[in-house]
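Below you'll find the structure, written out as C-alpha cells, and then a few comments.
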Amino acid sequence: MWTSRRLVLACCAALLISPRVHAATLLVAGNGVDSPDCGGKTAPCRSISRAVALAGQGDTILVGPGRYGDIDQSGTFIAPGDEAAEVGTGCNCMLHVTKRVTIVSRDGAGTTILDANGATIDVVRIDAAATIFGKKGQGFTLTGAKGAGNGLVTEAESVTIAGNIAFANSGNGIAISAGHAIVSDNRAVANADGGIDCSGTNDSTFARNTVIGNGNVGLEADNRNVLTDNLALDNVGPGIDAQSGNTLKGDVALGNGDRGIQLDDDNTVTACVANANHNGINLAGHGNTVTKSAVLDNFGVGILVGDVGNTISKTNLFGNGMGVVNVPNANFNCATLMSAAGALQATQNFWGAPTGPGLDPADAACNAIGGTTNLVPVATKEIKVRPPAAH
C-alpha cells in the first residue's frame, strides 16, 4: 500500500513539473481587439504584436485576412490595434518576433497584408531561432518599408520563411544573415535593393522562390546551400548569386541586367536555364560543374569562365553573344569564354549545329590568351533539359 501511494504521488509530481504537450494557437483578426487575454475564438487579438506578447515558446499564431500595421494610416503606430512598432529605437521594426513561434495566415499572402505605410523601419524582424514565419499558401504580404527598411530581416538560426510576398520595400525584400534556414515559396517583387538577400546564410535551403524586378541581386546565398526551382526574372543585378559549395537544380534566370547566375567555387549546376540575360552564367572560381542545362540567347557571353578546373557538359549553348553589350564585338557569338590561362572541359555539349562550335547557327567556344577549351566529343543534337517548374 505504501508503495502504491508513493507511485501515485510520484506520478502527480511528474505531471506538475512536465511541460505542456500541446502548443496553444492564438488567433488574430481584422475584427479583433487587443486585450490582456485576447487570442481565443471568441476574442481574437487585433495585432500580431499582441499575440506574440501573449504567446509561449512553440505556440502558433493564426492571422485572419486584413491589413495589419498602421491601421488608420496616421503615420504613427499608437491607435488601438496598431502593431507595436519601434521606430528609430529598439528593433526599428513594425513587428518584432522575439519568441520561437509559428506565425501563419489563414488565407494566404494575397489577403493578409503587413504594411509599414512608409515608415523608415523593417516590416518584420525575427530574433528567435527556429521561428516559422509563413507556410506555402499561408504567408503574408510585406510592404511599405521606406528608407533602408526591409520586408523581413533576421539574424536568427534555423528559421523558416515561406509563402510570403515582399513587395516594393526600399531595402531588401527578405534579408537573412544566419545559417540553416529554409526559404521557400516566397515572392520578392520590385524591392529597391535585393529580392532575397541571404548574405551570410550557409547550409540552407532555397526552393521555389520567385524574384522579379528588384533593384539589385535577385536571390543571393553564400556557401553549401541547396537552391531548387527558383526563378529570377528582370532584376537589375545578377539573377542568382551564390558563392561556394552550392547545389543548384532547376533554377531559372531570365532577362537579368547582369549575370543570370553568378558562382564562385565548387558549385554544381544541373537542369538550370540562363536565358536573355546580360551574360548567362559566370563561373568566377574553380571546381564548378554545369550539366544538362540550357544557356541560350544571352546578349553577351553564354558562360564566362574565370579559372581552371571547371566542367561544362551535356548543355545547350547557342544564340549567345548577339547583343550590343559585345560592342566592339570582341566576344561576338561566344557561348563560352575561357578567360584564364589553362583548359576548360566542355565536352558533349550542343553548340547550335551538329558540327559543333562555329559560325551561326552555331556559337563559338572563345578563349583569351593562354586559354583552351576541350570540346570533343560534341553533341550532334539539342539536349533535352528538365523543364522549369511552374511558378
Side-chain angles (χ1 to χ4, degrees), residues 28 30 46-50 52 63 65-98 103 105 109-127 131 133-134 139-156 159 161 163-178 183 186-201 209-220 232-237 241 257:
V28 179
R46 179 61 181 91
S47 70
I48 305 169
S49 300
R50 182 60 184 161
V52 170
V63 182
R67 181 177 169 277
Y68 298 88
D70 174 14
I71 296 172
D72 61 2
Q73 296 188 298
S74 65
T76 64
F77 294 86
I78 58 175
D82 280 356
E83 295 298 330
E86 299 174 16
V87 181
T89 185
C91 70
N92 200 44
C93 65
M94 188 180 83
L95 172 61
H96 195 192
V97 183
T98 56
I103 304 177
S105 67
T111 60
T112 318
I113 318 300
L114 276 61
D115 185 2
N117 193 34
T120 307
I121 55 176
D122 299 319
V123 182
V124 177
R125 181 177 180 89
I126 297 173
D127 282 333
T131 290
F133 190 86
F140 301 85
T141 293
L142 312 171
T143 191
K146 299 303 178 184
N150 305 291
L152 183 148
V153 63
T154 182
E155 299 173 7
V159 298
I161 310 297
N164 303 290
I165 300 171
F167 172 68
N169 297 287
S170 291
N172 298 297
I174 296 171
I176 302 175
S177 301
V183 184
N186 301 287
R187 294 191 177 197
V189 181
N191 298 284
D193 201 347
I196 300 177
D197 184 349
C198 297
S199 178
T201 300
N209 299 289
T210 300
V211 287
I212 301 176
N214 297 287
N216 199 340
V217 64
L219 169 59
E220 181 176 6
L233 173 64
D234 196 31
N235 299 283
V236 173
D241 187 345

Could you check Met94 against Leu114 for side chain to side chain contact (heavy atoms under 4.5 Å, CB included), going step by step and ending with a plain yes or no? CA-CA 9 Å; Met94 188 180 83; Leu114 276 61; 3.9 Å; yes
Step-by-step side chain to side chain contact (heavy atoms under 4.5 Å, CB included) determination, Val211 to Asn235: CA-CA 8 Å; Val211 287; Asn235 299 283; 4.0 Å; yes
Between Val124 and Leu142, does the side chain to side chain contact (heavy atoms under 4.5 Å, CB included) criterion hold? Intermediate values first, please. CA-CA 8 Å; Val124 177; Leu142 312 171; 4.0 Å; yes
Could you give me the CA-CA distance, side-chain angles and deciding distance for Ser170 and Lys146, then say whether side chain to side chain contact (heavy atoms under 4.5 Å, CB included) is met? CA-CA 5 Å; Ser170 291; Lys146 299 303 178 184; 3.5 Å; yes
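Between atom CG of residue Asn169 and atom CG of residue Asp122 there is a gap of 9.0 Å, rounded to the nearest 0.5 Å. Note that CZ of Arg67 and OG1 of Thr111 are 14.5 Å apart. Values are rounded to the nearest 0.5 Å. Considering OG of Ser49 and CG of Leu95, their distance stands at 5.0 Å, rounded to 0.5 Å. One distance of note links CZ of Arg125 with CG of Asn92; it measures 9.5 Å at 0.5 Å rounding. For the atom pair CD1 of Ile174 and OG1 of Thr154, the computed distance is 11.0 Å after rounding to the nearest 0.5 Å. With rounding to the nearest 0.5 Å, the separation of CG in Leu152 from CD1 in Ile161 is 4.5 Å.
Glu83 is listed as a side-chain neighbour of Ile48, based on a closest heavy-atom distance under 4.5 Å. Looking at heavy atoms from C-beta onward, Pro80 lies out of side-chain contact with Asp82 at the 4.5 angstrom threshold. With contacts defined as side-chain heavy-atom distances shorter than 4.5 Å, the pair Glu86/Cys91 qualifies. Contact of the Asn209 side chain with the Val183 side chain is registered, since non-hydrogen atoms from C-beta on lie closer than 4.5 Å. Contact check for Phe133 versus Val159: no side-chain heavy atoms found under the 4.5 Å cut-off.
With Asp193 as reference, Asn216 is the one residue of Asn214, Val217, Asn216 to meet the side-chain contact (heavy atoms from CB on, under 4.5 Å) rule.
Atom CZ of Arg187 sits in a sparse spot, with 12 or fewer heavy atoms from other residues, nucleotides or ligands closer than 6.0 Å. Counting non-hydrogen atoms of neighbouring residues, nucleotides and ligands closer than 6.0 angstrom, the CZ atom of Phe167 reaches no more than 12 such neighbours.
Annotation for Gly151 and Val123: closest pair O-CB, 3.1 Å, computed over non-hydrogen atoms. When every heavy atom of Ser199 is checked against every heavy atom of Ser177, the shortest pair comes out as O-OG, 3.4 Å. The two residues Ala85 and Ile121 have their closest heavy-atom pair at CB-CD1, 4.5 Å. Of all heavy-atom pairs between Val63 and Ile103, the closest is CG2-CG2, 4.4 Å. The nearest pair of heavy atoms linking Gly81 to Ser47 is O-CB, 3.5 Å. Considering every non-hydrogen atom in both Ala178 and Ala156, the closest pair reads CB-O, 3.2 Å.
A donor-acceptor contact shorter than 3.5 Å is absent between the side chain of Glu155 and the backbone of Asp127. Looking only at distances, a side-chain donor or acceptor of Thr141 sits under 3.5 Å from a matching main-chain atom of Ala109. Between the side chain of Asp197 and the backbone N or O of Gly194 there is no donor-acceptor pair closer than 3.5 Å. At distances below 3.5 Å, not a single donor-acceptor pair connects side-chain atoms of Ser105 with backbone N or O atoms of Thr112.
Checked against the 6.0 Å centroid criterion, the rings of Phe140 and Tyr68 do not qualify as a close aromatic pair.
Asn172 and Asn191 are not linked by any side-chain donor-acceptor pair at a separation below 3.5 angstrom, with hydrogens and angles left out of the test.
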